[in-house]
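To start, the structure under review is shown below, and the notes come after it.
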Amino acid sequence: MTELRALGPSDLLVSPFCLGGNVFGWTADKEQSFAVLDAYVGAGGNFIDTSDSYMNYFTEQGNVPGQSETIIGEWLAARGNRDDVVVATKVGDHPDYLGLAPATIKAAADESLKRLGSDHIDLYYTHFDRDEAIPVDDIIGALDGLVTAGKVRAIAASNISPERLAASLEFSDREGLARYVALQPQYNLVSRDTYEGARRDIVQREGLACVPYFALASGFLTGKYRPGKTLENVRNMPGLAGGYADTERGVRVLAAVEQVAQARGIEMATVAMAWLAQQPTVVAPIASARTVDQLPALVAMDDVHLSDAELQLLDAASS
């Protein structure tokens, strides 16, 4: 991954595969996480995604919210490479800083900076826009304050309605304030309507970058989850990877991905990532790796350009 690309209209230059940090402190301990991070940058990667709420939903395993940020911060300090890495994190889902009220955004950003051991966040996402009673004016105003203060370089949104996204961009333009440069939607071969349509239209029209999460549908598109197959894995649960294996569409998509992978002699994960990377507006799909052994199939997406026939096969199976 030697060629970096611009993240929308920002001055951030990122690698074509974004490493997800959601497994750090969850299915990957600190030592494993450091090894994955080392291997990722060793392969030319520079774009790491996390959130202040990771691992809020698995505290029964001894995790604490913000644990992923802490591990990344410790790795950055140990390697002394903060200026070489684009770090993206999110606000709005930490149990102590829920929502996007201006005071919450400001306080949560300071806590993220402490955990990351940094004086700035490269890309700051609003994680969930759950309370639409909060005016987008207030949210953008708070984010702009962080940019003006030098605590954040660029802002972006994740789970947000098309209407609120459009309204946010309009407000930024009207008032001359910081403007979203990217959208991070759920988007993959078994979840296309979560992005394609109104959201993608706005991203394309406004010149934003798409940085999709769940690029591998929580591991389903690697092929390890099959109908009737049970895995002893915390991620194999209803609503995550295991849920797709029991759907007609999921079975159809797996068959198509496997067909392309076998014909090319590459991993199924590589095919799924390559398909996503070739979709309009997508700049850098996000996928996580629990071990170093899982990274090569993800990094390899940058070397694969699917043919029109392969794209048509995958599109038909996933439609």
Side chain to side chain donor-acceptor pair (under 3.5 Å) with [X]: which residues, sequence neighbours excluded?
X      : answer
Asp49  : Lys90, Gln184
Thr291 : none
Thr281 : Tyr195

Check: [X]/[Y] side-chain N/O donor and acceptor closer than 3.5 Å:
X     : Y     : result
Thr50 : Ser68 : yes
Asn46 : Ser15 : yes
Trp75 : Asp38 : yes

Under a 4.0 Å N-O cut-off, is there an ion pair linking [X] with [Y]?
X      : Y      : answer
Arg82  : Asp119 : no
Asp11  : Arg153 : yes
Glu170 : Arg174 : no

So, [X] side chain and [Y] main chain: donor-acceptor pair closer than 3.5 Å or not?
X      : Y      : value
Gln279 : Trp275 : yes
Ser158 : Thr126 : no
Ser161 : Arg164 : yes
Glu175 : Phe171 : no
Arg192 : Asp315 : yes

| Glu74: side chain to side chain contact (heavy atoms under 4.5 Å, CB included) partners, not counting sequence neighbours | Lys30, Phe34, Thr70
| task | Would you please name every residue forming a side chain to side chain contact (heavy atoms under 4.5 Å, CB included) with Ala300, sequence neighbours left out? | result | Thr270
| remark: Taken in chain and number order and not counting sequence neighbours, the residues that satisfy salt bridge (Lys or Arg N to Asp or Glu O under 4.0 Å) with Arg249 are none
| task | Apply salt bridge (Lys or Arg N to Asp or Glu O under 4.0 Å) to Arg115 and list each qualifying residue two or more places apart in sequence or on a separate chain. | result | Glu69
Min side-chain heavy-atom separation [X]-[Y] under 4.5 Å:
X      : Y      : answer
Thr2   : Asp302 : no
Pro65  : Ser53  : no
Leu98  : Thr104 : no
Glu132 : Glu163 : no

| field | Heavy-atom closest contact (Val87 atom, Ile121 atom, distance) | value | O-CG2, 4.0 Å
| query | What is the distance from atom CD of Glu258 to atom CE of Met268, rounded to the nearest 0.5 Å? | reply | 5.0 Å
| task | Would you give the length of the straight line joining atom CD of Gln32 to atom CG of Leu37, rounded to the nearest 0.5 angstrom? | result | 12.0 Å
| field | side chain to side chain contact (heavy atoms under 4.5 Å, CB included) between Tyr187 and Leu276, intermediate numbers included | value | CA-CA 8 Å; Tyr187 187 36; Leu276 200 51; 3.4 Å; yes
| query | Any cation-pi pair here, Arg130 with Phe128, using under 6.0 Å and within 45°? | reply | yes
| remark: By ring pair (Phe, Tyr, Trp, His ring centres under 6.0 Å), Tyr180 pairs with (sequence neighbours left out) none
| message | For Tyr97, give me all partners under ring pair (Phe, Tyr, Trp, His ring centres under 6.0 Å), at least two apart in sequence or on another chain. | response | His94
| message | Is the ring pair Tyr54/His127 parallel, tilted or perpendicular, if the boundaries are 30 and 60 degrees? | response | perpendicular
| query | Mind checking who shares a hydrophobic cluster with Leu4, ILVMFWY linked at side-chain heavy-atom distances under 4.5 Å? | reply | Leu13
| request: Any chance you could pull the hydrophobic cluster mates of Val136, using side-chain heavy atoms under 4.5 angstrom and chaining through other members? | output: none
| request: Report yes if the distance between the aromatic ring centroids of Tyr40 and Phe17 is under 6.0 Å, otherwise no. | output: yes
Identify all side-chain donor-acceptor contacts of residues 205-217 below 3.5 Å with residues at least two apart in sequence or on another chain.
unit_1 : atom_1 : unit_2 : atom_2 : d
Glu206 : OE1    : Arg179 : NH2    : 2.4
Tyr213 : OH     : Asn159 : OD1    : 2.7

